[in-house]
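Reviewing the structure listed below.
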Amino acid sequence: MSVRRMVKVRGGMAVAGAAVMALTLAGCGGDGAKEPKPDEKASTAQTQGGTSNKSTPKGSPSPQPTEVLATANGDPGIVLTINSAVRDPGGFVTVSGEIKNGGSGVFTKVTAWRGDEKGASAASVAGATLIDKVGKKRYYVLRDSENCLCTTGITRIDAGASIPFFVQFPAPPASSTEVDFTLPTFATATIRISG
């Protein structure tokens with residue numbers, strides 16, 4: 001192959017490489033949306049569920065529940081609302097809702113909610129149980145190798161604030177559609193399992 005022909009081939013490869021690079025970089029561009037200004041970011045965070053609560057719990061469900069299955073009172077001003085109890089095909093029940101601080105001060109006595117079970121997750125709702133009165137059986141929160149399958153990271157609830165929570169339990173038999181939900185410091189709430 002002559003030197004002249006090698007230069008043409010290499011030159012053609014360089015042009016082809018540049019075209020591929022240009023297409024790749026064009027594909028890496030944004031979706032056309034502009035970056036919000038600093039003052040727009042604050043309003044965006046509030047419309048997407050941002051709160052003034054400095055301690056946001058981890059693992060909480062994102063959709064806002066609308067149905068109320070039960071409510072239970074706890075410490076003065078603290079109310080637990082259960083919005084769903086859904087039986088999943090995987091053999092478990094997920095209970096979700098919110099805990100609201102209707103009082104005038106910051107609520108920090110959340111450690112009782114983790115329960116007394118060995119290895120309970122601190123700052124969580126791992127102390128919750130489901131009681132199947134028909135089957136005469138109590139169900140505890142499911143756990144993986146590191147933590148409970150429930151909301152964690154609850155260290156405080158500011159006055160007037162609500163925090164979402166979820167808890168997963170082994171599913172009672174399909175014939176048990178009504179169970180009691182308990183969480184330390186709250187009254188027992190009877191709920192109906194759907195699904």
Side-chain angles (χ1 to χ4, degrees), residues 49 53 55-103 107-195:
N53 187 353
S55 171
T56 304
K58 298 174 188 156
S60 299
S62 55
Q64 289 288 42
T66 54
E67 184 180 4
V68 175
L69 298 181
T71 58
N73 293 323
D75 287 323
I78 308 300
V79 178
L80 175 132
T81 302
I82 299 173
N83 300 105
S84 69
V86 180
R87 185 185 306 270
D88 294 306
F92 55 91
V93 169
T94 303
V95 176
S96 60
E98 68 177 17
I99 301 171
K100 181 172 184 171
N101 179 0
F107 181 77
T108 57
K109 297 188 288 181
V110 298
T111 55
W113 299 344
R114 72 179 181 183
D116 295 328
E117 190 176 351
K118 186 177 180 180
S121 305
S124 71
V125 290
T129 61
L130 279 186
I131 301 167
D132 176 6
K133 293 183 286 189
V134 174
K136 298 183 173 139
K137 190 169 183 181
R138 180 183 303 259
Y139 295 89
Y140 292 93
V141 177
L142 290 169
R143 301 178 190 286
D144 62 17
S145 60
E146 297 177 13
N147 217 336
C148 67
L149 297 183
C150 66
T151 300
T152 61
I154 304 170
T155 57
R156 60 186 273 159
I157 306 175
D158 292 334
S162 297
I163 58 163
F165 78 92
F166 83 98
V167 192
Q168 290 186 330
F169 301 95
S175 58
S176 296
T177 58
E178 200 170 84
V179 293
D180 285 344
F181 177 86
T182 65
L183 182 64
T185 75
F186 289 97
T188 300
T190 301
I191 57 175
R192 181 168 288 279
I193 299 173
S194 62

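Worth knowing before you read on, the calculation uses all heavy atoms, side chains too, and leaves out hydrogens, waters and symmetry mates.
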Taking every non-hydrogen atom, the tightest pair across [X] and [Y]:
{"X": "P173", "Y": "R87", "result": "O-NH2, 3.5 Å"}
{"X": "A161", "Y": "I157", "result": "O-CG2, 3.5 Å"}
{"X": "P184", "Y": "A128", "result": "CD-N, 4.4 Å"}
{"X": "A189", "Y": "A70", "result": "CB-CB, 3.8 Å"}
{"X": "P172", "Y": "V93", "result": "CD-CG2, 3.8 Å"}
{"X": "C150", "Y": "V141", "result": "CB-CG1, 4.1 Å"}

message: Are the side chains of I191 and V179 in contact, using a 4.5 Å heavy-atom criterion?
response: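 Yes, at least one pair of side-chain atoms sits under 4.5 Å.
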message: Is the shortest side-chain heavy-atom distance between D144 and L149 below 4.5 Å?
response: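 D144 reaches L149 side chain to side chain.
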message: Under the ring pair (Phe, Tyr, Trp, His ring centres under 6.0 Å) definition, can you give me all pairs with a residue in residues 176-195, not counting sequence neighbours?
response: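 Listed by first then second residue: W113-F186.
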Looking at [atom1] of [X] and [atom2] of [Y], how far apart are the two atoms once the value is rounded to the nearest 0.5 Å?
{"X": "T71", "Y": "N83", "atom1": "OG1", "atom2": "CG", "result": "10.5 Å"}
{"X": "F169", "Y": "R138", "atom1": "CZ", "atom2": "CZ", "result": "10.5 Å"}
{"X": "I163", "Y": "I154", "atom1": "CD1", "atom2": "CD1", "result": "3.5 Å"}
{"X": "T81", "Y": "F165", "atom1": "OG1", "atom2": "CZ", "result": "8.0 Å"}

Is it the case that the side chain of [X] and the backbone of [Y] share a donor-acceptor pair, with hydrogens and angles ignored and the cut-off at 3.5 Å?
{"X": "T151", "Y": "F166", "result": "yes"}
{"X": "S124", "Y": "A126", "result": "yes"}
{"X": "N101", "Y": "I78", "result": "no"}

message: Once salt bridge (charged side-chain N to carboxylate O under 4.0 Å, His left out) is applied, do any residues pair with K133, and if so which ones, sequence neighbours excluded?
response: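 Salt bridge (charged side-chain N to carboxylate O under 4.0 Å, His left out) check on K133 returns D180.
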- prompt: Applying side chain to side chain donor-acceptor pair (under 3.5 Å), which residue pairs with at least one partner in residues 165-177 are found, sequence neighbours left out?
  reply: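 Matches after skipping sequence neighbours: T94-Q168, D132-S176, T177-R192.
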